[in-house]
Amino acid sequence: QRRVHGGMADPFYGDHLLISYNTLVPCFAHHLSSCKASLQIVQLFDVISKEYEQMDMVLEGLTIGIASGSAYVGTMGCSSMKRYSIIGPVITAACIMERMCKNYGVMICADNVVVENARPPYIFKILDRINCPKISETPMFVSELIGECKKQDDEWMYEINHIERNDPFTHYNMAWKFYSAGRLKETFERLTDVSDSVKESLLKVVENHPQGEYYFTLPSWI
């Protein structure tokens, strides 16, 4: 389908497909729409993969990068050759998110802007922080799109509070943000699932280093 939850699907380029939101067709909830479309594409891929398995065939992996930002959109080119195009840092950001999927073995990654505007109802888990000077003056978080929180009530504000309380990665993501700001003691205080002995040993490492000099990253067991 050309229309994907309010977005416009461009032609395939090799094994790549670009879907844009809020460009030719207004889509005010484009952050939510892009997340919904991505999750449904993954579900469809799983169904097709099982069909291929029954025929003793294997599909290559699917990876999706989601980013939000401004871009130049429209028909570009010369008088003899024109076509609809999208140009801007947001395209590069989406490509980087897609590459990070391969790096971490996940299917959907999103940038800071998407996470801030799509959570809740969507659940994200921070995977890494990267520097991309051409895209952002500040480091960017790379977050995995986990899924959508289930609603249990018709009252909008109650739903928001319920989702916030039941997001399993709330403390984890806050720990990452504290860590990125150099507030390491608060980082480990947020890791509620970590035993006290492990917290104490990590805090000793922090205290032995001057402020701003950190020689370790968040452990893989978090």
Side-chain angles (χ1 to χ4, degrees), residues 1-13 15-45 62-76 84-104 106-149 151 156 159-160 163-164 167 169-170 172-174 176-177 180-181:
Q1 294 181 349
R2 292 281 293 176
R3 295 289 299 279
V4 188
H5 291 290
M8 293 294 295
D10 233 20
F12 274 94
Y13 296 95
D15 61 350
H16 285 72
L17 173 67
L18 173 65
I19 302 175
S20 60
Y21 289 85
N22 204 31
T23 51
L24 290 180
V25 180
C27 180
F28 299 107
H30 50 277
H31 302 102
L32 300 176
S33 297
S34 61
C35 291
K36 185 173 184 178
S38 297
L39 290 171
Q40 290 194 354
I41 290 171
V42 168
Q43 291 176 354
L44 179 60
F45 180 81
L62 171 72
T63 50
I64 301 173
I66 314 174
S68 180
S70 57
Y72 292 101
V73 180
T75 303
M76 305 179 191
Y84 173 77
S85 301
I86 304 175
I87 300 173
V90 65
I91 304 299
T92 304
C95 291
I96 291 173
M97 294 299 118
E98 188 270 334
R99 293 188 198 116
M100 296 303 287
C101 290
K102 298 172 182 175
N103 189 42
Y104 282 96
V106 300
M107 301 188 82
I108 310 173
C109 281
D111 71 353
N112 303 21
V113 182
V114 174
V115 173
E116 290 170 3
N117 288 276
R119 180 189 175 275
Y122 292 97
I123 300 173
F124 298 87
K125 176 185 177 182
I126 295 176
L127 299 176
D128 204 345
R129 188 180 67 151
I130 58 176
N131 289 312
C132 300
K134 293 183 179 180
I135 300 174
S136 174
E137 296 179 356
T138 58
M140 299 169 55
F141 284 112
V142 178
S143 300
E144 177 189 3
L145 174 56
I146 302 295
E148 184 177 6
C149 239
K151 300 178 181 178
W156 180 76
E159 288 178 5
I160 296 296
I163 291 168
E164 288 287 346
D167 183 343
F169 297 102
T170 297
Y172 175 91
N173 290 333
M174 284 303 300
W176 252 110
K177 292 177 180 178
S180 301

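This is a predicted model, so every value here is computed, not measured.
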J.: Identify all side-chain donor-acceptor contacts of residues 92-101 below 3.5 Å with residues at least two apart in sequence or on another chain.
T.:
unit_1	atom_1	unit_2	atom_2	d
Glu98	OE2	Thr63	OG1	2.5
Glu98	OE2	Lys102	NZ	3.3

J.: Going by side chain to side chain contact (heavy atoms under 4.5 Å, CB included), name the residues that satisfy it together with Ile146, two or more places apart in sequence or in a different chain.
T.: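 Counting only residues at least two positions away or on another chain, Ile146 forms a side chain to side chain contact (heavy atoms under 4.5 Å, CB included) with Ile123, Lys125, Glu144, Phe169.
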J.: Apply side chain to side chain contact (heavy atoms under 4.5 Å, CB included) to Leu39 and list each qualifying residue two or more places apart in sequence or on a separate chain.
T.: Ile108, Tyr122, Leu145
J.: If the condition is side chain to side chain contact (heavy atoms under 4.5 Å, CB included), which residues does Ala71 pass it with, not counting sequence neighbours?
T.: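 For Ala71, the residues satisfying side chain to side chain contact (heavy atoms under 4.5 Å, CB included) (neighbours in sequence not counted) are Val73, Ile86, Val90.
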J.: How far apart are the closest heavy atoms of Cys35 and Ile66, and which atoms are they?
T.: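 So the minimum-distance heavy-atom pair works out to CA-CD1, 4.3 Å.
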J.: Considering residues at least two apart in sequence or located in another chain, which fulfil the side chain to side chain donor-acceptor pair (under 3.5 Å) criterion with His30?
T.: none
J.: Counting only N and O atoms by type, is there a donor-acceptor contact under 3.5 Å from the side chain of Asn112 to the main-chain atoms of Val115?
T.: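 The answer is no, because no donor-acceptor pair under 3.5 Å joins these two groups.
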J.: So, taking the atom named OH in Tyr21 and the one named CG in Leu32, what distance separates them when rounded to the nearest 0.5 Å?
T.: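 Spacing of OH (Tyr21) from CG (Leu32) equals 11.0 Å.
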J.: Restricting to side chain to side chain donor-acceptor pair (under 3.5 Å), what partner residues turn up for Glu116, sequence neighbours left out?
T.: none
J.: Nearest 0.5 Å please: distance from the CD1 atom of Ile41 over to the CG atom of Leu62.
T.: 7.5 Å
J.: Which pair of non-hydrogen atoms, one from Asn131 and one from Pro139, has the smallest distance, and what is that distance?
T.: OD1-CG, 3.2 Å
J.: Run the side chain to side chain donor-acceptor pair (under 3.5 Å) test against Asp128 and tell me which residues pass, sequence neighbours left out.
T.: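 Asp128: side chain to side chain donor-acceptor pair (under 3.5 Å) contacts with Tyr104.
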J.: Distance from Cys109 atom SG to Phe124 atom CZ, nearest 0.5 Å?
T.: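 That separation rounds to 10.5 Å.
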